[in-house]
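The structure appears below as structure tokens.
Below, chain A is the first sequence line, B the second, and so on; all start at residue 1.
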Amino acid sequence: MSGEHVLVCVAWPYANGPLHLGHVAGCYLPPDIQTRFERAKGNKVLLVSGSDEHGTPITVTAETMGIDPQSVVDKYHALNIQALKNLGCVWEPNVDTRGPEYGGALFNRTSDKDHHSIVSENFIKLLDAGLFERKVMQQYYEVRSDGGRFLPDRYVEGICPGCKSEGARGDQCDTCGITYEAHELLSPKSKMNPEADIEIRDTEHLFYRLDVFQKVLEEHSKNQQKVWKANVRAMTKQWLDMGLRPRAVTRDLSWGIPLPLDGDEWLGKCIYVWFEAVQGYYSCAKLWAKRYAKVDDWEKWWKISPDGKKPRHLYFLGKDNIPFHTIIWPSIIMGLNHANKGLDFSTPPSLPGPGELHLEDNVPAMEYLMLAGGQFSKSRKHAIWLPSFLERFDPDTLRYYLSINMPENHDTDFNWPDFVERVNAELIAAYGNFVHRVLTLGNRLPESMPLHSFENLTYCTEEINKLESLHAQITSSLERHRFKEALRFSMNAAQLGNQMLQNATPWTYLNDLTQDGSKESMAKLSFGWRLCRYLAITMQPFLPFSSEKLWKMLGENGKCETQKWYSAIDWDCAAKWNNHDPKPLFNRLDLNEILEQEQELAKISDESNDDPSHNVKGANRKKEGKKMPEGTTHLDFETFTKVELRTGKIIEVKDHDNADKLYVVKINDGSEAGRTICAGLKEYYSPDQMVGKSIVFVANLKPKKLRGILSEGMMLAADNGKGGVTLVTLDGDIEPGSEVR
RNA sequence: AGCGGGAUAGGUUAGCAUGGUUAGACCGACGGGCUCAUAACCCGUAGAUCGAUGGUUCAAAUCCAUCUCCCGCUACCA
């Protein structure tokens, strides 16, 4: 199909740090491939996404960096959009080169004022339709001279009303496991600021009536069973089976979109981020139309036309985001449709009809890309950052590796040896090398007899048939979002080219073109040019940079990315030639060199502060002086002596039955009974490695139950902040229980 | 611990929802060929008790049960 309106929605990256390769493989590369493919097919694609810029984590980052939240999001928004562009993602130009009727792209941000007003408008619509429920909640409030603030449950602790143990959280006790209402907790304290007075205050919040949509979502889900991937089906079913309940859409929050409501009870409240950021898909389309096309043009991508013709909606996201896109967002869309029809909650909502906002056609959610077996993690600095990667490597090599290794069905792994291997042995050896063979062989012909003068397609019917069948397979795979498979088929075409050359041995005829068999052999070599052209077009969604390079080297005009998808198998198109010296499409990678570089980077990372953009071009690497880490204050000696450190010997290490990350460690502390300490060392030590070690522990720490087991102290361990943790052990023998000073 | 997902040749994986061909592919290994090409290319060979056990069935990688290990979310990291 061609001329279809396709809305490609990309999960909004949180502007609280740079993007890493996990993000790219999961959410950002697949939609780019899809968009390029759809455009080549002649479809009208509008690509929307942007930075998600509200919420508490951003204010926390701002506080620790000593700047305001807007500066945080400005910084990461700029960094991320630039990195995505450098990766070749089509966020630019904003308008399709064929004109605004063909759509375009907008990478917006949720701090955009227009986004605020669109969200506020929708908020009022849903409110007026009775789709919000108003509830008074009791929430802890930290009283401060500068005004105070509400505290999320997990920032509060106190004494459990059930078992009376200390350290119970605001809504649940870890020791006995019971849950309770916030006001039942005894002597509550703020975790962040234990000195502050805490009181319970009533706070009113609005809840979106997801329950109203249960039935219609079940219907939608039933319709989608055939297109959804297994992980999407399972996750959505889970939610529907549990039964949908109203979900809070407002929050006691300072950084976000203020409630568009009058009344003192709404002061200091914002629209909850989940409810607001998803609407970006909608606001972004509207704003794109307003800024780059006609104001109403967004409707072509969002609304079912009066004759029932539907745009196609694709959402690209990671597995953690599935229910938001199959349950929550559809229910908001249907809520808006409902409200637009002047209906309220008393009428059951229905699936969208003509003139209404359309629901997703597919949510091809990806699993995760792991890094050397572990999860990408900002805090543990276990990550490869996109900006830093692109400084050192050809973006197409990354695009190739992530495409051929895409986490479509389960988690996959990024590691350097595999990256180098696949780039060298597949991308370069098969594809790059075939292209280079054709171009260098062709280049050796005399100028009076250019390659295409030898063309004779009657010798190439077998190749033509195979290429056409491969083209159909690539197309079908891409239509079903099977990226790995599609790229593999394209690579098969390159392999076919190598086979063809191998059998035709054109190099044996170059010196004497009058030999027997020369005509056929040279016809094959000449067909090699067409095969390169085919490859440039079919590889373009995956490898846009090298495709453009190849396009020029083939002597073609214009840009490869604007070529028609089916032109790849148009054997009638005029053959051309470019007599410049051919250059290899890619450069080989050297694993040892890369590993050395990595070590260098790791060193720099150790020395720098904990700003993960350290190895990013243009990021400020200054102020690495000897200044104390943020928040450090000097301690007077007396206070220090209050800490009682003692030596002990580990005599037994067992798993904690009720916690994944904890060991229960028995220590000989010189006393007869010994003592028990819970320690979060599972990630770093096996029990065998620990038993017998002489360690240092804090002896007079207030004992505390950790998921049911009393921990009497804390072992000292060194933590380098990026995943390395080592116990502090003793140099020589000394009896357990000796004081350390 | 609660919930969800996964396990297929040395590595990466397709197939599994709708049981039924010799379980398909890429990389690597091994043997041979080629010498145009970036230590590249081509041909061939070996390599899989489809995580384990039991069950349903004429038939199970595919469905069911139990178990083991991995991943994610949530909790926990004194």
Looking only at atom P, what distance separates B/rC67 and B/rC3, rounded to whole Å?
12 Å

Identify whether any heavy atom of [X] sits under 4.0 Å from a base atom; if not, whether one sits that close to sugar-phosphate; answer base, sugar-phosphate or nothing.
X: A/Arg422; result: base
X: A/Asn409; result: sugar-phosphate
X: A/Ala230; result: nothing

Watson-Crick/G-U partner (both atom distances under 3.5 Å) of B/rA40:
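Partner of B/rA40: none found under 3.5 Å.
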
Using ring centroids (six-membered ring only for Trp), state whether [Y] and [X] fall under 6.0 Å.
X: A/Phe527; Y: A/Tyr459; answer: no
X: A/Trp577; Y: A/Phe454; answer: no
X: A/Tyr400; Y: A/Tyr431; answer: no

Relative to the 5' end of RNA chain B, which residue comes earlier, A/Ala494 or A/Asp320, by the nucleotide with the nearest heavy atom?
A/Ala494

Using heavy-atom distances to pick each residue's nearest nucleotide on RNA chain B, tell me which of A/Glu485 and A/Ile428 is more 5'.
A/Glu485

Please report, rounded to the nearest Å, how far the P atom of B/rC71 is from the CE atom of A/Met235.
17 Å

N or O in side chain of A/His410 less than 4.0 angstrom from B/rU8 OP1/OP2
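Checking B/rU8 against A/His410, no side-chain N or O comes under 4.0 Å of OP1 or OP2.
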
